[in-house]
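All chains are named by letter (A, B, ...) in the order of the sequence lines, taking the proteins before the strands, and each is independently numbered beginning at 1.
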Protein chains: 2
Amino acid sequence: MSEGYSETESQSSRPDGSAENACCTAIPEIDEEAVVADVQILSALGNDTRYELVRRIAAAEDDVCVCDLESAVGISQSGVSQALSRLYSAGLITRRKEGSWRYYGLTEDAAQFLDTLDDIRATNE
Amino acid sequence: MSEGYSETESQSSRPDGSAENACCTAIPEIDEEAVVADVQILSALGNDTRYELVRRIAAAEDDVCVCDLESAVGISQSGVSQALSRLYSAGLITRRKEGSWRYYGLTEDAAQFLDTLDDIRATNE
DNA sequence: TAGTAATATAAGTATTTACTAATATAACTG
DNA sequence: CAGTTATATTAGTAAATACTTATATTACTA
C-alpha cells in the first residue's frame, strides 16, 4: 500500500496547474522487452568482477582461457566460471572449446558498449 | 584464501606450452578509475526500477517531476526518491528545483548510453 | 584403464540491495 | 502563523547477489 499521501480526490495542484499525474508531460509507456534485455546487459556488466573480466578479455589480442582470468581478478575458479557464464548469457562474451580449455572472447555488442563507456569517460574530463 | 588447486610450482601445461598464466595472451592491467566510474553507471542503470525511470525521463519532452515518476514505476515515493538520487550521483540525470517541485532530466551521457542500447538491440533482431 | 587438469555445477552463506514505513525538511498557501 | 504538499532522509527488512567450498564433468595423458 504505497498510498497515504493523497487521500483527497487528487485535486492536484501541479506546477502547470494540470490535473492527475501530468504535472509535467505525459509520460509514455516503454517497451517491456527492451527493459528486460537492456537490464540484463547492464546488470551483468555492472559489477566489478564481471566488468574487469570483460575489460581483460577486450584487452587481450586473442581469446582468453579461464585459467588466466582467474589469477587476474583474484577470486576462485568457481567464481570466475560463474561470472563468465553470466556474461555469456547476457550476450557479452563468446565461448569456444578447444581440448580441455575454454576460450572466451568479446562479442560485438560488448565491444560497442565498452567504446561508449570510453567515449563518455573521455568527454567527462 | 582462494588457492588450493595449484600446489605444485605451477609448471603450467598451457595450450600453447607457455609458462605461468600466459596460456593465451598476456593480459594487460586495466585502469582502476575507469572501472569504478563505469561500474557506477552500469550498476545504477542495471536495475528495472532505475532503468525504467531513466527511460521515462528520456521519453518525456520536458523535465519530469517525482510525482509523475512515482505512479509510473509503481513503487513508493521514498523508493523513487532514492532511485533518482542514485541515478543523479551516477551522472545519469540532472535535477533542478522549482518551488516545491524537483524536475529531473537526462544528461548527455545517459542519452548516449540509451542510444547505444537501442543500437545493440536493433542489430540483434 | 587410472590419474590428473580445466572447467562447470551445486549447495551454503555473508553481504548487499531495493525496497517499505516513518519521519524530517522545505516551500507554498490560507 | 498552522496546515499542506513535494521531496528527502533514516531505519529496518526480505530478498537478491557474489562469493566460497565441495563435487561433478569432461578431456587429455601415461
inquiry  = Heavy atoms within less than 4.0 Å of DNA chain C: which residues of residues 78-89 of chain B have one? Give them sorted by number.
reply    = B/Ser78, B/Gly79, B/Gln82, B/Arg86
message = Each nucleotide in nucleotides 24-30 of chain C should get exactly one letter: B, S or -. Can you fill that in based on protein heavy atoms under 4.0 Å?
response = ---SS--
request  = Output all residues satisfying side chain to side chain donor-acceptor pair (under 3.5 Å) with B/Thr107, sequence neighbours left out; order by chain, then residue number.
outcome  = none
key: Between B/Arg50 and B/Ser43: side-chain donor-acceptor atoms closer than 3.5 Å   = no
Residues in side-chain contact (heavy atoms from CB on, under 4.5 Å) contact with [X], at least two apart in sequence or another chain:
X	result
B/Ala37	A/Arg121
A/Gln82	A/Ser78
B/Asp119	A/Gln112
A/Glu32	A/Val35, B/Glu52

ask   = Residues two or more places apart in sequence or in another chain: which of them pass ring-ring contact (aromatic ring centres under 6.0 Å, His included) with A/Tyr51?
value = none
note = Residues passing the ring-ring contact (aromatic ring centres under 6.0 Å, His included) test with B/Tyr104, sequence neighbours excluded, are none
Can you tell me the distance, in whole Å, between the [atom1] atom of [X] and the [atom2] atom of [N]?
X	N	atom1	atom2	result
B/Glu70	C/dC19	CD	P	13 Å
B/Asp63	D/dT7	CG	C1'	16 Å
A/Arg96	D/dA27	CZ	P	16 Å
A/Arg102	D/dC28	CZ	P	13 Å

request  = With rounding to the nearest 0.5 Å, note down the distance linking CG in B/Leu114 to CG in B/Leu45.
outcome  = 6.5 Å
inquiry  = Strictly below 4.0 Å: does B/Tyr104 bring a side-chain N or O up to OP1 or OP2 of D/dA8?
reply    = yes
task = Under 4.0 Å from any atom of DNA chain D, heavy atoms only: list the residues of residues 38-53 of chain B that qualify, in numerical order.
result = none
request  = Could you tell me whether the side chain of B/Gln77 has a donor or acceptor atom within less than 3.5 Å of a complementary atom in the base of D/dA8?
outcome  = yes
Test salt bridge (charged side-chain N to carboxylate O under 4.0 Å, His left out) applied to B/Arg55 - qualifying residues, sequence neighbours left out = A/Asp38, B/Asp118
request  = Just jot down the salt bridge (charged side-chain N to carboxylate O under 4.0 Å, His left out) partners of B/Asp48, sequence neighbours excluded, or say none.
outcome  = none
